[in-house]
Visitor: 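Please see the structure below; I have some questions.
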Amino acid sequence: MSFKVKYDNISTALMTIYQRLYHYFGPRHWWPAETPFEVIVGAILTQNVTWKNVEKAINNLKTAELLTPEALYTADPSVIETHIRPAGFYRTKAKKLKAFVHHIWEKYDGSLTNMFSQPLKNLRKELLSIYGIGPETADAILCYAGNYPIMVMDAYTLRVFSRLGLLSPKANYEEMQQLFMDNLPHDHYIFNEYHALIDALANKICRKNKPHCNLCPLNDLCAWPKEEKENKKAEKEA
DNA sequence: TTCCTGTCGG
DNA sequence: CCGACCGGAA
């Protein structure tokens with residue numbers, strides 16, 4: 001079964017969608033952080049939780065002056081746990097933060113500048129080898145802390161683009177990323193904004209339940225309305 | 001109650 | 001493939 005029949009030119013479709021979103025939401029100015037290290041900590045803390053929860057944890061770390069590679073490297077794990085508690089999964093996430101700072105300390109003498117001097121492909125593979133860093137977190141670090149030309153995929157991307165009919169609902173991370181990286185110019189600004197714009201759409205309009213299709217700037221391009229009827233029907237019966 | 005920008009271990 | 005991990009907000 002094909003999920004791309006509706007579009008004769010994927011590149012054009014992707015750019016049209018991008019421009020519609022950009023015009024609707026404006027530039028997103030991601031990532032909200034003061035330093036590359038803060039981006040990385042945020043990327044780990046935001047795993048499977050909303051950003052609101054992460055903000056408190058970040059502020060706690062900042063106030064405690066723990067938001068540097070050195071401070072986290074030497075801090076007692078239980079102290080880190082206490083400060084990041086609002087972000088959820090605090091025990092595992094404390095381990096993940098430790099694993100990351102341990103890595104950059106051992107390999108780069110604690111310097112992110114050194115780490116980001118690596119070529120994209122090598123560094124991506126290396127990040128994936130660190131405990132707690134999967135494909136989404138790795139790409140977020142590469143794009144938003146290292147300014148590499150790579151696009152972050154996530155649950156939002158799958159929801160939006162499967163509803164649009166451009167991705168299979170079962171697409172894996174690599175398949176999702178190929179859709180964008182095979183059909184768009186490898187430009188850091190576009191990849192940075194595109195992901196952020198998808199986030200804005202999925203957060204505010206293309207919600208998991210009861211999406212606001214009437215407000216959606218992509219409504220006329222979307223394959224979803226058929227299923228929406230069934231949803232409404234199911235809601236009534238419930 | 002449900003959901004949330006995932007990742008790991010079995 | 002699936003459960004565990006965890007708290008906060010709609």
Side-chain angles (χ1 to χ4, degrees), chain A residues 18 21 25 28-33 38-61 77-103 124-146 148 150-164 167-177 179-181 191-212 215 231 234-235 238:
Chain A
Y18 175 79
L21 294 176
F25 291 108
R28 303 276 82 203
H29 306 295
W30 269 30
W31 185 291
E38 188 179 327
V39 173
I40 294 167
V41 171
I44 291 170
L45 292 182
T46 200
Q47 289 172 2
N48 206 38
V49 299
T50 57
W51 182 252
K52 272 269 184 241
N53 292 329
V54 177
E55 283 179 331
K56 293 185 179 181
I58 298 264
N59 282 331
N60 288 345
L61 290 173
S78 65
V79 173
I80 300 176
E81 288 176 11
T82 306
H83 287 92
I84 68 173
R85 187 174 292 255
F89 307 101
Y90 60 90
R91 276 190 288 260
T92 29
K93 283 177 180 175
K95 282 193 200 119
K96 292 174 179 181
L97 291 175
K98 275 290 193 187
F100 179 78
V101 291
H102 181 263
H103 180 88
R124 187 173 195 272
K125 188 179 280 185
E126 185 182 314
L127 289 172
L128 289 173
S129 74
I130 302 172
Y131 169 81
I133 299 189
E136 180 179 342
T137 308
D139 290 339
I141 290 170
L142 291 164
C143 180
Y144 295 104
Y148 290 86
I150 191 161
M151 188 166 157
V152 178
M153 301 292 113
D154 60 6
Y156 286 169
T157 312
L158 183 59
R159 184 163 81 225
V160 170
F161 282 82
S162 61
R163 284 176 178 176
L164 282 168
L167 280 175
S168 158
K170 290 187 284 189
N172 63 29
Y173 193 93
E174 193 185 331
E175 291 165 344
M176 293 203 297
Q177 199 169 45
L179 171 67
F180 295 91
M181 310 231 359
F191 287 153
N192 177 323
E193 280 296 340
Y194 212 148
H195 172 71
L197 289 165
I198 291 167
D199 169 84
L201 185 73
N203 235 320
K204 300 181 205 307
I205 293 173
C206 194
R207 307 195 55 93
K208 187 170 189 177
N209 299 314
K210 302 179 192 166
H212 303 304
L215 299 176
N231 275 0
E235 271 172 37

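Letters A, B, ... are given to chains in the order of the sequence lines, protein chains preceding strands, and every chain is numbered from 1. Atoms considered below: every heavy atom in the structure, side chains included; atoms not considered: hydrogens, waters and symmetry mates.
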Visitor: Using the six-membered ring wherever Trp is involved, compare the ring planes of W51(A) and W31(A) and label them parallel, tilted or perpendicular (cut-offs 30° and 60°).
Guide: perpendicular
Visitor: Is the backbone of R28(A) close enough, under 3.5 Å, to the side chain of E193(A) for a donor and an acceptor to pair up by distance?
Guide: yes
Visitor: Under 4.0 Å: is that the gap between some side-chain N or O of T92(A) and OP1 or OP2 of dT7(B)?
Guide: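 Checking dT7(B) against T92(A), no side-chain N or O comes under 4.0 Å of OP1 or OP2.
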Visitor: Using whole Å, report how far CG of N203(A) lies from P of dC3(B).
Guide: 15 Å
Visitor: Taking the minimum atom-to-atom distance to the side chain of Q47(A), which one of dC8(B), dC4(B), dG6(B) wins?
Guide: dG6(B)
Visitor: Atom CD1 of I130(A) to atom C1' of dC8(B): distance rounded to whole Å?
Guide: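 So the CD1-C1' distance, I130(A) to dC8(B), works out to 15 Å.
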Visitor: In whole angstrom, give the distance that lies between atom CZ of F89(A) and atom P of dG6(B).
Guide: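 So the CZ-P distance, F89(A) to dG6(B), works out to 9 Å.
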Visitor: Between A202(A) and R159(A), what is the shortest heavy-atom contact and its length?
Guide: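 Residues A202(A) and R159(A), closest heavy atoms: O-NH2, 3.1 Å.
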Visitor: Look at the side chain of Y131(A) and the backbone N and O of K95(A), then say whether any donor-acceptor pair between them is shorter than 3.5 Å.
Guide: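 Side chain of Y131(A) to backbone of K95(A), a donor-acceptor pair under 3.5 Å: no, none is there.
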Visitor: Quick one: N48(A) CG to dC3(B) C1', roughly how many Å, whole number?
Guide: 9 Å
Visitor: Hey, does I133(A) reach any base, or is it just sugar-phosphate, or nothing, if we go heavy atoms under 4.0 Å?
Guide: sugar-phosphate
Visitor: Counting just side-chain N and O atoms, does K208(A) come under 4.0 Å of either OP1 or OP2 of dC4(B)?
Guide: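 Result: yes.
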Visitor: What distance, rounded to whole Å, do you find between the two P atoms, one in dA9(C) and one in dT7(B)?
Guide: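 Taking atom P in both dA9(C) and dT7(B), they lie 24 Å apart.
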Visitor: Would you mind classifying the nucleic acid contact of T157(A) as base, sugar-phosphate or nothing, using non-hydrogen atoms under 4.0 angstrom?
Guide: nothing
Visitor: Let me know, please, whether R159(A) or P135(A) comes out on the 5' side of the other along DNA chain B by nearest nucleotide.
Guide: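 That would be R159(A).
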Visitor: In terms of the nearest nucleotide of DNA chain B, which residue is placed more toward the 5' end: V152(A) or G132(A)?
Guide: V152(A)
Visitor: Looking only at atom types and distance, does a side-chain atom of T46(A) sit under 3.5 Å from a main-chain N or O of G42(A), one as donor and one as acceptor?
Guide: no
Visitor: Starting at CD1 of I141(A), measure out to CD1 of I150(A) and round the result to the nearest 0.5 Å.
Guide: 11.5 Å
Visitor: Which heavy atom in Y144(A) sits nearest to a heavy atom in F191(A), and how many Å separate them?
Guide: OH-O, 4.1 Å
Visitor: Any chance you could measure T157(A), atom OG1, to M151(A), atom CE, to the nearest 0.5 Å?
Guide: 5.5 Å
Visitor: In whole angstrom, what separates E174(A)'s CD from dG6(B)'s C1'?
Guide: 18 Å
Visitor: I need the CG-C1' distance between L158(A) and dC4(B), as an integer number of Å.
Guide: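 In whole Å, dC4(B) C1' lies 15 Å from L158(A) CG.
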Visitor: Could you work out the separation of dG10(B) and dC6(C) based on their P atoms and round it to a whole Å?
Guide: 16 Å
Visitor: What interatomic distance, in whole Å, is found between P of dG8(C) and the corresponding atom of dC8(B)?
Guide: 24 Å
Visitor: In this structure, how many angstroms lie between the P atom of dT7(B) and the CG atom of D154(A), rounded?
Guide: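 These atoms are roughly 10 Å apart.
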Visitor: With a 4.0 angstrom cut-off to heavy atoms of chain A, pull out the first and last contacting nucleotide of DNA chain C, in 5'-to-3' order.
Guide: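 Nucleotide range in contact with chain A: dC5(C) to dA9(C).
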Visitor: Atom CD1 of I44(A) to atom P of dC8(B): distance rounded to whole Å?
Guide: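 Answer to the nearest Å: 11 Å.
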Visitor: If you assign T50(A) and R207(A) each to the DNA chain C nucleotide with the nearest heavy atom, which residue ends up on the more 5' nucleotide?
Guide: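 Checking each residue's closest nucleotide, the 5'-ward one belongs to T50(A).
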Visitor: Closest nucleotide of DNA chain C for K56(A) versus for Y90(A): which of these residues is on the 5' side?
Guide: Y90(A)
